[in-house]
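Here the structure is laid out as structure tokens; the discussion comes afterwards.
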Amino acid sequence: MLPFTRHTLPGLVSVRVSRRVKVAVAVADPAPAFNSVTAFAPATVANLGPGFDFLGCAVADASLSLGDTVTATLDPSLPPGTVAIASVTSPSRPTLADRLSRDPLRNCAGVAAIAALRALDVKSHAISIHLTKGLPLGSGLGSSAASAAAAAKAVDALFGSLLHQDDLVLAGLESEKAVSGFHADNIAPAILGGFVLVRSYDPFHLIPLSSPPALRLHFVLVTPDFEAPTSKMRAALPKQVAVHQHVRNSSQAAALVAAVLQGDATLIGSAMSSDGIVEPTRAPLIPGMAAVKAAALEAGALGCTISGAGPTAVAVIDGEEKGEEVGRRMVEAFANAGNLKATATVAQLDRVGARVISTSTLE
């Protein structure tokens with residue numbers, strides 16, 4: 001009997017053959033399942049107070065306007081294996097689209113689409129991307145992550161949804177790395193939905209936090225007419241943290257995780273409001289933020305903090321009944337204490353994450 005061994009070459013299937021006969025089988029591109037796919041990805045709230053860079057959750061409204069939409073279409077007019085940004089629109093903010101690059105290497109949706117194509121090992125097909133922005137830029141609502149998540153999901157679905165969810169997150173993370181840094185607390189919940197804990201990057205390990213279905217958690221998102229670039233807000237972070245601050249924040253983050261798993265809305269709000277490291281350094285950079293937080297709590301919110309890098313303030317409530325009043329009080333506080341116009345949206349926990357909302361079949 002002849003001895004056997006395995007041989008693997010880049011782009012080739014590993015085949016067990018005799019050492020005297022070496023065989024390599026080329027891997028075919030995955031066949032397209034659709035001509036085009038449209039996917040939606042929701043807004044996200046990162047950090048959730050004490051969970052800086054490792055906790056986040058997805059939020060959406062009933063109309064799916066709180067998020068971004070991407071349509072990925074097979075485009076035989078382009079060189080195989082490439083991606084083009086065909087259009088960028090923003091129906092609610094017409095001037096926003098002009099600020100986004102059509103270069104796929106400088107556009108969040110484009111970078112994620114390219115990464116997804118690479119992960120799928122697609123070499124024989126090209127894709128055009130149509131991006132519809134529902135989220136403002138620099139708002140603290142995961143705008144770049146929503147574009148990246150929708151693009152990765154659309155491209156994957158175009159070829160039959162072959163990628164594992166971790167691979168979709170990693171494709172989106174390529175985009176996030178270029179825009180706001182290598183952290184997955186927006187892109188992970190944008191893809192997976194619900195609450196997500198980013199445990200580690202090497203090895204890459206995400207832990208979805210399943211909350212009881214009975215949890216009626218809603219989020220009051222109040223966004224002032226003010227941009228807070230992530231780079232600027234990160235530059236404000238303290239370079240050193242005292243041990244007692246680290247211990248206190250760690251305990252609050254652990255309490256937040258426990259509260260999510262137990263479905264304890266009151267504890268979720270309390271823990272979210274208890275960040276003693278990041279929020280104290282960022283809040284002064286957002287005019288009126290301290291007054292907004294106080295107004296939310298006085299109006300009956302269970303907790304309030306900065307969403308992501310800001311400037312959006314996020315308050316949590318149990319059920320949506322108090323949402324309108326809490327939002328109104330927060331908007332007033334931004335106007336009175338920060339001299340800023342603001343808009344309020346009441347959203348719910350989005351347990352789905354990025355999803356396909358329409359397809360067109362191959363001809």
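Everything quoted here is computed from the prediction, not taken from an experiment.
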A side-chain contact here means heavy atoms from C-beta on lying under 4.5 Å apart; do [X] and [Y] qualify?
{"X": "L137", "Y": "L100", "answer": "yes"}
{"X": "L340", "Y": "D225", "answer": "no"}
{"X": "I129", "Y": "I127", "answer": "yes"}
{"X": "S211", "Y": "L217", "answer": "no"}
{"X": "T345", "Y": "T223", "answer": "no"}
{"X": "P104", "Y": "I114", "answer": "yes"}

Do [X] side-chain atoms and [Y] backbone N/O form a donor-acceptor pair below 3.5 Å?
{"X": "K133", "Y": "S143", "answer": "yes"}
{"X": "N249", "Y": "G276", "answer": "yes"}
{"X": "R93", "Y": "G134", "answer": "yes"}
{"X": "N107", "Y": "S101", "answer": "yes"}
{"X": "D29", "Y": "S124", "answer": "yes"}
{"X": "R329", "Y": "G300", "answer": "no"}
{"X": "D156", "Y": "A152", "answer": "no"}
{"X": "R248", "Y": "S274", "answer": "yes"}
{"X": "S307", "Y": "L141", "answer": "no"}

Tell me the closest heavy-atom pair linking [X] and [Y], and the distance in Å.
{"X": "P311", "Y": "F334", "answer": "O-CZ, 3.9 Å"}
{"X": "I286", "Y": "G310", "answer": "CD1-CA, 4.1 Å"}
{"X": "A109", "Y": "V70", "answer": "CB-CG2, 4.3 Å"}
{"X": "P30", "Y": "F159", "answer": "O-CD2, 3.5 Å"}
{"X": "T44", "Y": "A190", "answer": "CG2-N, 3.5 Å"}
{"X": "A112", "Y": "A151", "answer": "CB-CB, 4.3 Å"}

ILVMFWY clustering at 4.5 Å (side-chain atoms), partners of V243: V247
Could you tell me whether H205 atom NE2 has more than 12 heavy atoms of other residues or ligands within 6.0 Å of it?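 It does: H205 NE2 has more than 12 such atoms within range.
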Atom CD of residue position E320 - does it have more than 12 heavy atoms of other residues, nucleotides or ligands inside 6.0 Å? no
Carboxylate-amine/guanidinium proximity below 4.0 Å for E332 and R328: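 Yes, E332 and R328 are salt-bridged.
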Cationic N near anionic O, under 4.0 Å, E325 to K322: no
By the side-chain hydrogen bond (donor to acceptor under 3.5 Å, both in side chains) test, which pairs, at least two apart or in different chains, include something from residues 161-177?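 Applying side-chain hydrogen bond (donor to acceptor under 3.5 Å, both in side chains) to every pair that reaches into residues 161-177, excluding sequence neighbours, yields S144-E176.
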Quick one: side chains of residues 34-42, donor-acceptor pairs under 3.5 Å with protein atoms, not counting sequence neighbours, listed by atom name and distance.
unit_1 : atom_1 : unit_2 : atom_2 : d
S36    : OG     : S360   : OG     : 2.6
T38    : OG1    : T71    : OG1    : 2.7
T38    : OG1    : S358   : OG     : 3.4

Does the side chain to side chain donor-acceptor pair (under 3.5 Å) test come out yes or no for T73 and D75, once each step is laid out? CA-CA 6 Å; T73 304; D75 193 338; over 6 Å; no
What distance separates [X] [atom1] from [Y] [atom2], expressed to the nearest 0.5 Å?
{"X": "E279", "Y": "T305", "atom1": "CD", "atom2": "OG1", "answer": "3.5 Å"}
{"X": "S90", "Y": "R99", "atom1": "OG", "atom2": "CZ", "answer": "10.5 Å"}
{"X": "L168", "Y": "I187", "atom1": "CG", "atom2": "CD1", "answer": "9.0 Å"}
{"X": "K123", "Y": "L120", "atom1": "NZ", "atom2": "CG", "answer": "10.5 Å"}
{"X": "M289", "Y": "M330", "atom1": "CE", "atom2": "CE", "answer": "6.5 Å"}
{"X": "L221", "Y": "L66", "atom1": "CG", "atom2": "CG", "answer": "6.0 Å"}

Evaluate T266 against D318 for side-chain contact (heavy atoms from CB on, under 4.5 Å), listing each step before the verdict. CA-CA 8 Å; T266 300; D318 187 8; over 6 Å; no
With distance as the sole criterion, is a donor-acceptor pair present between the side chains of K293 and S273 under 3.5 Å?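 No donor-acceptor contact under 3.5 Å links the two side chains.
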Going only through I, L, V, M, F, W and Y residues with side-chain contacts under 4.5 Å, is there a path from [X] to [Y]?
{"X": "L197", "Y": "L256", "answer": "yes"}
{"X": "I357", "Y": "L135", "answer": "no"}
{"X": "V260", "Y": "V59", "answer": "yes"}
{"X": "V169", "Y": "L117", "answer": "yes"}
{"X": "V314", "Y": "I268", "answer": "yes"}

Name the one of Q252, R282, Q245 that satisfies side chain to side chain contact (heavy atoms under 4.5 Å, CB included) with I277? Q245
Testing I317, L302, V316 one by one against V326 for a side chain to side chain contact (heavy atoms under 4.5 Å, CB included), which residue passes?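 The option that passes is I317.
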Give me each pair satisfying ring pair (Phe, Tyr, Trp, His ring centres under 6.0 Å) with a member in residues 207-239, each pair once, sequence neighbours excluded.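 Checked against ring pair (Phe, Tyr, Trp, His ring centres under 6.0 Å) - neighbours excluded - no pair reaches residues 207-239.
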Who passes salt bridge (charged side-chain N to carboxylate O under 4.0 Å, His left out) against R106, sequence neighbours left out?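 In terms of salt bridge (charged side-chain N to carboxylate O under 4.0 Å, His left out), with neighbours along the sequence ignored, R106 is linked to no residue.
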Starting from the C-alpha separation in whole Å, work towards a yes-or-no answer on salt bridge (Lys or Arg N to Asp or Glu O under 4.0 Å) for K232 and E227. CA-CA 10 Å; K232 177 181 177 181; E227 283 193 20; over 6 Å; no
Review item, side-chain donor-acceptor pairs of residues 45-55, under 3.5 Å, at least two apart:
unit_1 : atom_1 : unit_2 : atom_2 : d
N47    : OD1    : D53    : N      : 3.0
N47    : ND2    : G308   : O      : 3.4
D53    : OD1    : R234   : NH2    : 2.7
D53    : OD2    : R234   : NH1    : 3.4
D53    : OD2    : R234   : NH2    : 3.1

